[in-house]
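Only one structure is covered here, and it is reproduced in the block below.
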2 protein chains.
Amino acid sequence: MAIPRAAKTLRRTRIQEEKEEQILEAALDVFSVSGFRGSTIDQIAEVAGMSKPNLLYYFRTKEAMHRALIDRVLYNWLEPLRAFDAEGNPESEIRSYIRRKLEMARDFPRESRLFANEMLQGAPHVLDMLKGPLKELVDEKAAVIRTWIKSGKIVHCDPYHLIFSIWSTTQHYADFDVQVRAVLGEEHSGDGRFEDAARFLEQLFIGGLRPDRSGS
Amino acid sequence: MAIPRAAKTLRRTRIQEEKEEQILEAALDVFSVSGFRGSTIDQIAEVAGMSKPNLLYYFRTKEAMHRALIDRVLYNWLEPLRAFDAEGNPESEIRSYIRRKLEMARDFPRESRLFANEMLQGAPHVLDMLKGPLKELVDEKAAVIRTWIKSGKIVHCDPYHLIFSIWSTTQHYADFDVQVRAVLGEEHSGDGRFEDAARFLEQLFIGGLRPDRSGS
DNA sequence: TGTAATGTTTACCAATCGGTCAAATTATCT
DNA sequence: AGATAATTTGACCGATTGGTAAACATTACA
């Protein structure tokens, strides 16, 4: 007899561990491309290499699968911003934040697209997280940036839009990968474009945020 | 008896004009949120305020509707880049490009999201356009930027990544609108954030691209 | 090894999907 | 007005959707 679902979470079997991992991996593949509505359990089942009812044995609904996936992916996704340090000097902090975010775009493009899809749809499943934990984290980092501005280490600017612009420019290489490849052409479709992007973005942000040099 | 489809395009009635407009407007609403796979004809029919068979009278398939919508939206979407002028001086050209793109993000967010959705899914319906017309247009503008670099008007940098960064930062305010609002809070949810964004981005790009000032 | 708990699958369900058809309605033109 | 063409809709189709039930297979543990 199948155990009640509640009990399952009390002690996890090795098989549970493995299969849930396997399912979420497949779910990431599918959800990141087609979004929640556009994805089907059958698709995910096929990618995961198991039957649909078997997926539903581990996750009762498509929603539950999606939620588990997002929960799992969210923490790591915010890691680079969390690492943003008030003690370091602005130039190296911004440089390394850009590097980290670009590495994430290169190494975890599906995770980036998963969130992008969620945003496009109005963030129905993560809106609370955006307004709560994310906003708090960003507020905190914005305060750090403001101290840099006040001490004259970087130019006077809006810290929120600064953060947005780093997010957007870096995630672009994951979310709009097809477009980037199409425009750069086949010959620049190796990972080299990430190095080029890093060079450009560091130059842009470091140059654009450098203080002194009077009027705009 | 219904006319053959081919004849319909020969001479368009007033009703055809109006209804096709009405349908594409509804289709934009739906496709821009849920993407192609995630959208249903019934949804679009409901938004358009007519019956499903009636939609299919004007567009034979969901695909045809989507294609018509993209064709219609594409031309205007690329207008700002086309306006990018070699004759103007770099600073004002870049400034006005940023302004235009931000205005598009503000006034046509659904169009932006429509493309974003398409990109996330691997651009199945516009890949040829990306590799063809878009690439050619970008190549052309990249050449313009290169002349600016060679004549020392802006700093030495990769023109393609410069264009990508303007695209991403500006479109971010349409595609990730929910996130931007959530992080900025209710009080900054008026159109004021577009002005703030414009100010920040102009400062960033103008400052980041300014020549002289030796090593990075 | 036996057995109870866990894991997997086949067969199936009602709802929704994209799309068709024929009948009914409305607009157009003489 | 009457005839003809254009438009709209309700009923329907087979395929696919998210999800269930129950039989079957496997694992873990005494």
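What's counted below: heavy atoms across the whole structure, side chains too, no hydrogens, waters or symmetry copies. Residue numbering restarts at 1 for every chain, and letters A, B, ... go by the order of the sequence lines.
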A:Phe115 and A:Trp77 aromatic ring geometry - parallel, tilted or perpendicular at 30°/60° bounds: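 Judged by the thresholds at 30° and 60°, the geometry between A:Trp77 and A:Phe115 is tilted.
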Ring geometry between B:His172 and A:Phe164 (parallel below 30°, tilted from 30 to 60°, perpendicular above 60°):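 Answer is tilted, since the angle falls between 30° and 60°.
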Spacing between [X] atom [atom1] and [N] atom [atom2], to the nearest angstrom:
X: A:Ile41; N: D:dG18; atom1: CD1; atom2: P; result: 5 Å
X: B:His66; N: C:dC17; atom1: NE2; atom2: C1'; result: 17 Å
X: B:Phe59; N: C:dT20; atom1: CZ; atom2: P; result: 15 Å
X: B:Lys19; N: C:dT26; atom1: NZ; atom2: P; result: 12 Å
X: B:Gln22; N: D:dT7; atom1: CD; atom2: P; result: 13 Å
X: B:Lys62; N: D:dT17; atom1: NZ; atom2: C1'; result: 12 Å
X: B:Asn54; N: C:dA24; atom1: CG; atom2: P; result: 18 Å
X: B:Glu46; N: D:dT9; atom1: CD; atom2: P; result: 14 Å

For A:Ile145, the option from A:Ile154, A:Asp158, A:Ile94 that meets side chain to side chain contact (heavy atoms under 4.5 Å, CB included):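 Answer after filtering A:Ile154, A:Asp158, A:Ile94: A:Ile154.
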Distance test, side-chain N/O of B:Tyr57 to OP1/OP2 of D:dT7, below 4.0 Å: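 Checking B:Tyr57 against D:dT7: at least one side-chain N or O falls below 4.0 Å of OP1 or OP2.
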Below 4.0 Å: OP1/OP2 of D:dA6 and any side-chain N or O of B:Gln16: no
Ion pair B:Arg82/B:Glu140, N-O distance below 4.0 Å: no
Touch class at under 4.0 angstrom, heavy-atom based, for A:Ser51 against every strand present: base
Sugar-phosphate only, base, or nothing, as touched by A:Lys52 at under 4.0 Å among non-hydrogen atoms: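 Here A:Lys52 touches the bases of the nucleic acid.
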Any idea which of [options] is nearest the [X] side chain?
X: B:Pro53; options: C:dT9, C:dG7, D:dA11; value: D:dA11
X: A:Asp42; options: D:dT17, C:dC17, D:dT8; value: D:dT17
X: A:Thr40; options: C:dG19, D:dT7, D:dT17; value: D:dT17

Check: A:Phe108 and A:Asn76 side chains under 4.5 Å, non-hydrogen atoms: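 Not in contact.
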